[in-house]
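Values in this document were obtained by computation on a predicted structure and should not be read as measured data.
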Amino acid sequence: MTTPDPERLREALLDLERSRLRERELRLSSEALLAGVHAVALARDEESALVDLLGVLREALSFADAFVLTGSDDAPLCCSLSTAPHLAGSTWARDPFLRRVLAGQPAAVFDVSQVPAWQAQPSAARAGIASALHVGLRLGTGAGVLVGTHPERGFFTAQHARLARQLAPLFAQALLQRDLRRASVERDRLFELSVDMICVLGCDGRVRQANPAWSRTFGLPPAELVGVAVESLVHPDDRPGFAAALERATTLSLATTCEVRLVDRWEREHWVQWSLTAFPAESLCYGVARDVTARKQAEEQARHLALHDPLTGLPNRVLLRDRARQAITLAERRCRRVGVLFVDLDGFKQVNDSLGHEAGDGVLRAVADRLRRCCVRASDTVSRVGGDEFILILQELGEPPEAAGVAARIVRALAAPVPVGQTSARLGASVGVAIWPENGANLDALVRAADGAMYRAKLAGGARFELAAASGPGAEAAGRHRSRTGAGLRATPGAARGPCDSA
Amino acid sequence: MHAVATWTTRTAPQAAVDEAWGAAVRQLGGAPSWLCAWATDDLAVSAVVAAVRERAPGVPLHGATSCGGVLTHEGHRDGPVLGLFAVRDPDGSYGTALEPLGADARAAARVAVGRALAAAGRPGETPAIVWLTAAPGREEDVLLCIEDVFGPQVPVAGGSAADAEIGGQWRVFSADGAQGDAVCVSVLFPSTEVLFGFHSGYEPTAHRGRATAAQGRILREIDGQPALAVYDAWLDGALADRLGRAGPLLRRSSFAPLGRPAGAIGAIPYYCLSHPAACDADGSIHLFTAVAPGDEIVCMRGTEAGLVERAGRVAAGVLDAHGARPADVVGALVVYCAGCMLAVRPRMGDVAVALREALGGAPLLGGFTFGEQGRFLGGGNRHGNLMISVLLFTRLRS
């Protein structure tokens, strides 16, 4: 047996001590990591996890205070979390020093007063900070810096920096979880407070989640909506369109919009604009339904105003032209006739002059009402085209005398006194009658013909109707039409004109 | 990080730098981030510095003269010789500054530290390690100042400038020039881990006493007796011919230096060594370290085998302690006591072999110094003699 070399023994002892110190460093690092994991795992929520983890870091790194700088892209960093009130909310330019830390190189600073990034923070001196430790944090797509501070100069070493770098991912994770939680709360609030109706649909089209807006505007508590097939809420007439939009969203993975009516629990209709976005891989579709009833009503009102006379509510020239086109098309298909009656009131100017415009407007409204209710069928069109001029479209007429009959009824109906306030006005009507196809091939020709006939009735003293004379290309067309239908224009002068019996 | 070590025995400064610098740049594939140099004092050091500066403008250069030669991974080279150790580390930061020591060594060191940090672009930041070279004489003051700046936990490693004959021909140099009485400080912020070790290969004997009279680096009395007389008694009269006469002691004390306890591992102390350099007729002993009244003085004992093998063992121990492998080492700087080197000079080739085996053949440059600085396990940076300081640049990410 050889005697151990004392020098070797001593060196071995030093090696052992060196290993022991290294192992101690590793053990402390492992213990700190474990304590950190415990703090995160056992904390009651994300906020307290962060606070507990900061406590673990404080013990491991022995800093007096700590704060976190965060920022996105190239924007200055902002102190978003701090145990040192002086630095809370401070902003830090991304100088080379901080860029290096953000790039993953921890930095121990023995004297913050020498570092430009710190020189720009006069509050650091007030906070009594002499030395600091900086370690970069990877925060999802962003980045941050955890800074530990100490009032003693030269407190932090490379060993602190190594340990900080090992603990940084855990802290970054806790920070991310807190931020995610905050973001989740913010999103939940947005979901709760949104005036739009938001829902999550399963692949079967049934509601999985719905926000309170459904309750506010639709009368159904969100809980009651869960499991309901959303299509069942759609107006039956609009279901095909909605189903097609849903299909587009799910099969093409495209954000799709459509406007349909929803029917609430009181059977009221709500126009909504749906925005549907599907995630087929998750068998989910997100739907946002915005109540556009008011817009729809406004649009309808605007459309009505564009097509109707605001005084009487009767169709105006634009709508008249459309109805005439439809009536002629229908008559052509069914071998029928269309009557165009030009009505001009007799004595209206005197009413206006003697009783005033307001009374005149009242008379026009009463005349419109009388024409609509007493003289024509629901399928016919009564329109106001000028001051006291009205044009009527009578569709699907058989023989011209039918139009004459309507004209006679009009003459009679308007011969009756019209109440104006406490008194009444006596009026009359001169009516010109034109028939498609005998008196013209289109509305303009027919109106000209009816206008001419009306003029003759007016010249004849009014309170009567006149039939337009058949002539021109329209008459030729009418001839062809007659030969196809076997019908003839058999208006007699007696039936074609003359004062009508008063009502 | 990459590192290379190159050397040349050309004596003409331009040719020497062309060869050593050219090889370094070729092997690194570009200019280094930091350049450490050791040259023997028989080279025209100022001209060497000028030649390096001309070829490597802006590259921080940290250099000193070495006693008699340099150590490389290829072996021991006697002077005249110039050795370069070049580190290429674009993600790291390195700064070097040279400052004349003047009357106030601490003030000079403080200025040098500040300038080095500024040169590294890291003012206010704590480096991973401080690499230090000073002219022999006031290393303790320099170390105290560096600790005062960074705190005691920042490791400082390095060695004092030396010459071949202890004739004051040593030089400390940087890109700014070469000076005899100066300090050169480099602050290292490498992108990967650096490991270091500081060690002596000596064991204590039973001979010990207490310094009762001392001044600076002169130990006058041990236990109230002339220091040389006590020391001679501890060595069984081996220095009897020196009693009452002034003369050198350096070569005769290499295996029996004096030690002072620097700390303890459990109950077992470890020592910071002081190499007796010379004696005075009054029995005072001149050391390469300061000693203070009240210090415990222990007679240490070393062997040739110990001095030959310990460099490799220190390097291997540093790796073992950090769980690192030789393949993790990209380069090494070694500070080897000149006194030890002189004691085992014929076997310096074996020292190089031991280091090469321990470090897997990694590029290595070593200098022979008149004092070594490093950090003991128990903490605190110390200046000692007959020590070895090893700095390993690794590819390990912390």
Side-chain angles (χ1 to χ4, degrees), chain A residues 4-26 29 62 95-97 100-101 103-119 124 130-135 150 152-166, chain B residues 91-93 114 117-118 121-129 147-155 189-191 193-195 197-205 263-266 268-271 301-303 305-307 309-310 313-314 316-318 320-323 376-379 397-398:
Chain A
D5 178 352
E7 184 190 329
R8 286 292 187 95
L9 283 175
R10 188 167 292 275
E11 281 183 7
L13 182 69
L14 288 171
D15 288 345
L16 277 175
E17 177 64 5
R18 198 178 282 118
S19 295
R20 191 186 69 79
L21 291 174
R22 174 68 179 163
E23 280 169 13
R24 181 174 177 274
E25 187 181 331
L26 291 173
S29 162
S62 306
D95 70 351
F97 168 75
R100 210 167 47 235
V101 174
Q105 292 185 34
V109 167
F110 66 89
D111 181 3
V112 295
S113 70
Q114 296 186 30
V115 179
W118 280 91
Q119 288 166 353
S131 58
L133 180 68
H134 312 70
V135 60
H150 202 275
E152 188 181 316
R153 197 172 181 274
F155 182 78
F156 297 108
T157 64
Q159 190 175 333
H160 287 101
R162 272 199 301 275
L163 183 55
R165 179 142 72 178
Q166 286 165 353
Chain B
D91 295 329
S93 302
L117 285 169
R122 311 284 285 256
E125 291 188 54
T126 308
I129 196 162
E147 282 200 355
D148 185 43
V149 172
F150 293 122
Q153 300 305 317
V154 176
F189 297 88
S191 62
E193 276 212 76
V194 288
L195 312 177
F198 185 53
H199 199 32
S200 87
Y202 292 79
E203 59 167 313
T205 65
I265 299 169
I268 301 176
Y270 52 87
Y271 299 87
R301 179 173 61 208
T303 63
L307 295 186
E309 294 165 10
R310 69 169 161 147
R313 292 209 300 273
V314 170
V318 171
D320 282 349
H322 290 84
F376 280 111
L377 287 177
R397 294 272 170 191
S398 57

Pick one of side chain, backbone, both or neither for [X], based on which atoms fall under 4.5 Å of a heavy atom in chain A.
X: B/Y271; value: side chain
X: B/E147; value: neither
X: B/Y202; value: backbone
X: B/L117; value: side chain

What residue in B/Q153, B/R310, B/R301 has the most heavy-atom pairs under 4.5 Å with chain A?
B/Q153
Sorted by chain and number, sequence neighbours left out, side chain to side chain contact (heavy atoms under 4.5 Å, CB included) with A/A161 holds for A/P106, A/L133
Would a distance-only check, ignoring hydrogens and angles, find a side-chain to backbone donor-acceptor pair under 3.5 Å from B/R122 to A/V115?
no
Without swapping roles, check the side chain of A/Q105 against the backbone of B/D91 for a donor-acceptor pair under 3.5 Å.
yes
Within-4.5 Å side-chain heavy-atom neighbours: A/E17 and B/Y270:
no
With a 4.5 Å limit on heavy-atom distance, are the side chains of B/T126 and A/F156 in contact?
no
All ring-ring contact (aromatic ring centres under 6.0 Å, His included) counterparts of A/H150, not counting sequence neighbours
A/F155
So for A/R20, is it side chain, backbone, both, or neither that comes closer than 4.5 Å to the heavy atoms of chain B?
neither
Name the region of A/L13, side chain, backbone, both or neither, that has any atom closer than 4.5 Å to a heavy atom of chain B.
both
Where do A/S19 and B/A321 come nearest, in terms of heavy atoms and distance?
OG-CA, 3.8 Å
